[in-house]
Every structure is written in structure tokens, then in C-alpha cells.
K.L.:
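The structure that follows is given in the form of C-alpha cells.
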2 protein chains.
Amino acid sequence: MGRGKIEIKRIENVNNRVVTFSKRRNGLVKKAKEITVLCDAKVALIVFGSNGKMTDYCCPSMDLGAMLDQYQKLSGKKLWDAKHENLSNEIDRIKKENDSLQLELRHLKGEDIQSLNLKNLMAVEHAVEHGLDQMEFLMSKRRNVSI
Amino acid sequence: MGRGKIEIKRIENVNNRVVTFSKRRNGLVKKAKEITVLCDAKVALIVFGSNGKMTDYCCPSMDLGAMLDQYQKLSGKKLWDAKHENLSNEIDRIKKENDSLQLELRHLKGEDIQSLNLKNLMAVEHAVEHGLDQMEFLMSKRRNVSI
DNA sequence: TAAACTATCTATAAGTG
DNA sequence: TCACTTATAGATAGTTT
């Protein structure tokens with residue numbers, strides 16, 4: 001679209017490439033805005049130039065986050081859902097660990113022990129008795145020091 | 001660009017709007033591809049028509065996820081980072097709860113009790129003694145049943 | 001309903017200051 | 001390097017099949 005036809009392949013001359021990028025990027029954003037208005041479309045556009053600079057456009061009727069949520073739903077592709085899933089799984093894992101710690105704690109305090117069989121009950125009892133010994137020992141040691 | 005000039009405002013005739021959408025969407029994607037090749041640019045484009053259908057284009061050199069990571073870095077806008085932060089915070093919270101449960105558990109077992117002051121030590125001892133009573137009671141009850 | 005056509009408009013490649 | 005110009009390629013609005 002200009003004084004001469006060009007092939008669609010990388011423009012080797014850096015200057016031309018940068019100039020063309022700037023022009024075409026503006027054109028692209030303009031087109032994106034136009035289709036948004038003309039056709040009631042939702043458009044999100046992100047462009048990075050080889051200089052690293054970014055340009056973006058998002059239709060006013062929907063923010064980029066919402067667009068991407070929709071994108072994930074319609075395309076089935078995961079963007080952040082995968083990352084979220086990992087974190088959620090970790091939360092589940094820790095919560096379970098937490099629950100089992102809480103239960104063990106209750107057992108040591110003599111709560112909810114009806115569900116324990118004899119073997120487990122004796123193990124808990126043993127742990128507690130051992131703990132008690134440690135406490136008695138520590139307290140007697142402290143008494144001796146303070147005398 | 002056509003038989004007549006048009007104003008850039010919503011096309012009221014549904015049929016024209018849909019046809020124009022289809023044409024311009026194709027044009028937009030074509031332009032996106034062209035600038036990608038010509039200028040070494042990275043482009044991501046998502047378009048939703050009013051019919052709900054989606055079209056997307058992403059340059060071959062970078063996937064959409066990477067583009068969006070970069071977008072977040074350069075723009076400072078949060079897309080999923082905010083959600084991640086919430087989940088991460090919850091993980092931290094649960095982990096701390098977990099740690100304190102673990103510590104309490106060790107205390108009840110007579111471990112790490114040097115750090116306890118007398119008051120806390122006695123509280124732990126009391127809890128354990130009470131627990132032990134419960135266990136003894138349960139075991140004697142079970143013995144009576146089995147006789 | 002949709003695909004092709006084509007006259008016209010728009011974008012832009014190359015040129016200029 | 002920039003902004004501006006201009007000739008031309010490309011996009012597309014309205015029409016036809």
C-alpha cells in the first residue's frame with residue numbers, strides 16, 4: 001500500500017523496519033478501534049516492537065481481564081487457571097495436613113478418642129506419658145536451679 | 001474503503017454489521033500477521049463478535065501467556081497476579097497455623113518445652129494430664145464391656 | 001445465506017524537506 | 001531523525017449473482 005509493492009517478509013533495513021512498524025502499529029490500533037465501534041465487537045490487542053516497547057488496546061466495554069476469562073472459557077486454553085490450580089492444590093494439601101494435626105492434637109488432649117482402636121489409643125497414651133515425664137523432669141530441674 | 005465512505009459509528013443494520021464484522025475481522029488478523037512478519041513484532045489479538053464467537057491471533061514467537069506476563073511487567077497492570085496474591089496469602093496463613101499446631105503438638109509430647117515459661121508449661125501439663133485421664137477412663141470402660 | 005465483484009476509500013512505502 | 005507528501009497497493013461498502 002504505497003509507492004511500491006512489498007513482500008510480506010522481514011524488512012531487513014532496520015530503519016525501514018522501525019518506521020514501518022510505527023505506521024502499521026498505528027494502523028492496526030485504528031482498525032481495532034473501528035471494528036469495535038462499527039460492529040459492536042470486543043477487541044483486545046497487545047503489540048511489542050522489537051525495541052521492547054509495548055502498545056495495547058482494549059475495547060471500552062470490557063477490560064482485558066474479563067476478555068481473557070472469556071478467552072479461556074471459549075478456547076479451553078489455560079492462561080492462569082493452571083497456575084491457580086497449582087496454588088489451590090497446595091492449599092488443599094496443607095489444609096488436610098492441618099486437619100490431621102488438629103485431630104492428633106485433640107487425641108493428645110483426650111478428645112475424640114472414641115474412634116481410636118486399642119493399639120492407637122495406647123500409642124497416644126504412651127506419647128503423652130512420655131511428654132509428661134519430660135515436663136516433670138524439666139520442672140524439677142528448674143526448681144533445683146532456683147533453690 | 002468501498003463504494004462509499006462510512007462514518008465510524010455503530011452499524012445499525014444487523015446484517016451489514018455482521019458482514020462488515022467478518023470482513024474487517026479478517027482484515028485485522030491479516031494486518032496483525034503482516035506486522036509480525038515485516039517488523040519482527042509480537043502481537044496478540046482477541047476479538048469477540050456480538051454473536052459471541054471468538055477469533056484470536058498470537059504471533060508464533062511467543063505464546064499468549066508469555067505475552068501477558070510481559071504485559072503485566074511493562075504496564076504494571078495486574079491481570080492474574082492479584083488472584084495469585086490472594087491464594088499465596090492464604091497459603092502463608094495456613095502454613096503459619098500449621099507451624100503453630102506442630103509446635104503445640106511437640107509441646108504436648110514433651111518436646112521443645114525449654115522455651116515455655118512456668119505458666120505455659122503448667123498449662124500444657126494440665127492439658128496432658130486431663131487427656132491422660134480421659135484415656136484411662138475410656139480404656140477401663142472398654143475393659144468392663146469386654147468382661 | 002453466502003460468496004464474488006468492483007468502485008471507491010484508506011493505509012502506507014517511498015520520497016522529500 | 002522526524003514530519004509531511006504522494007503515488008500506489010490493499011481493504012472494503014455496497015452491489016450482484
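Proteins get letters first, then strands, A, B, ... in listed order; numbering begins at 1 in each.
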K.L.:
To the nearest Å, give me how far apart CG (B:Leu28) and C1' (C:dT10) are.
P.N.:
15 Å
K.L.:
Rounded off to whole Å, could you give me the CE-to-P distance for the A:Met1 and C:dA14 pair?
P.N.:
12 Å
K.L.:
For DNA chain D, what residues of residues 30-48 of chain A have any heavy atom nearer than 4.0 Å?
P.N.:
A:Lys31
K.L.:
Can you run down the side-chain hydrogen bond (donor to acceptor under 3.5 Å, both in side chains) pairs that involve residues 43-71 of chain A, sequence neighbours left out, and say none if there aren't any?
P.N.:
A:Thr36-A:Tyr57
K.L.:
What is the distance from CZ of A:Phe21 to P of C:dA11, rounded to the nearest Å?
P.N.:
18 Å
K.L.:
Round to the nearest Å and state the distance from B:Lys9 atom NZ to D:dA13 atom P.
P.N.:
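From B:Lys9 NZ to D:dA13 P: 15 Å.
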K.L.:
Using modelled atom types and a 3.5 Å cut-off, is there a donor and acceptor pairing between side-chain atoms of A:Arg17 and backbone atoms of A:Ile11?
P.N.:
yes
K.L.:
Which ILVMFWY residues are connected to B:Val18, directly or by a chain of links, through side-chain heavy atoms under 4.5 Å apart?
P.N.:
B:Val14
K.L.:
Which atoms form the tightest heavy-atom contact between B:Ser75 and A:Met54, and what is the distance?
P.N.:
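Nearest heavy atoms, B:Ser75 then A:Met54: CB-CE, 3.9 Å.
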K.L.:
Mind jotting down which residue pairs meet the side-chain hydrogen bond (donor to acceptor under 3.5 Å, both in side chains) criterion with at least one end in residues 1-13 of chain A? Sequence neighbours excluded, please.
P.N.:
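For residues 1-13 of chain A, and leaving out neighbouring residues, the side-chain hydrogen bond (donor to acceptor under 3.5 Å, both in side chains) pairs sorted by first residue read A:Arg10-A:Glu12, A:Arg10-B:Asp40.
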K.L.:
With sequence neighbours left out, what residues match B:Lys109 under salt bridge (Lys or Arg N to Asp or Glu O under 4.0 Å)?
P.N.:
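Result, salt bridge (Lys or Arg N to Asp or Glu O under 4.0 Å) vs B:Lys109: A:Glu104.
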K.L.:
Atom pairs under 3.5 Å, N or O on each side, protein against nucleotides 14-17 of chain D: can you list them with distances?
P.N.:
{"from": "D:dG14", "atom 1": "O6", "to": "B:Lys23", "atom 2": "NZ", "distance (Å)": "2.7"}

K.L.:
Under 3.5 Å, side-chain donor or acceptor atoms of residues 113-120 of chain B against the rest of the protein: list the pairs with distances, not counting sequence neighbours.
P.N.:
{"from": "B:Ser115", "atom 1": "OG", "to": "B:Asp112", "atom 2": "O", "distance (Å)": "3.2"}
{"from": "B:Asn117", "atom 1": "OD1", "to": "B:Lys119", "atom 2": "N", "distance (Å)": "3.3"}
{"from": "B:Asn117", "atom 1": "OD1", "to": "B:Asn120", "atom 2": "N", "distance (Å)": "2.8"}
{"from": "B:Asn117", "atom 1": "OD1", "to": "B:Asn120", "atom 2": "ND2", "distance (Å)": "3.3"}

K.L.:
Check the distance between C:dC9's P and B:Arg24's CZ and give it to me in whole angstrom.
P.N.:
14 Å
K.L.:
Which side-chain N or O atoms in residues 82-92 of chain A pair as donor and acceptor under 3.5 Å with protein atoms at least two apart or in another chain?
P.N.:
{"from": "A:His84", "atom 1": "NE2", "to": "B:His84", "atom 2": "NE2", "distance (Å)": "3.4"}
{"from": "A:Ser88", "atom 1": "OG", "to": "A:His84", "atom 2": "O", "distance (Å)": "3.0"}
{"from": "A:Asn89", "atom 1": "ND2", "to": "A:Glu85", "atom 2": "O", "distance (Å)": "3.4"}

K.L.:
Using whole Å, what does the distance between atom P of nucleotide C:dT1 and atom CZ of B:Arg17 come to?
P.N.:
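So the two atoms are 15 Å apart, to the nearest Å.
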K.L.:
Output the rounded distance in Å from CG (B:Asn15) to C1' (D:dA13).
P.N.:
13 Å
K.L.:
Can you tell me how far P of C:dA13 sits from CD1 of A:Ile11, to the nearest Å?
P.N.:
7 Å
K.L.:
Other hydrophobic cluster members with B:Phe137, side-chain heavy atoms of Ile/Leu/Val/Met/Phe/Trp/Tyr under 4.5 Å, chained?
P.N.:
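Answer for B:Phe137: none, a lone residue.
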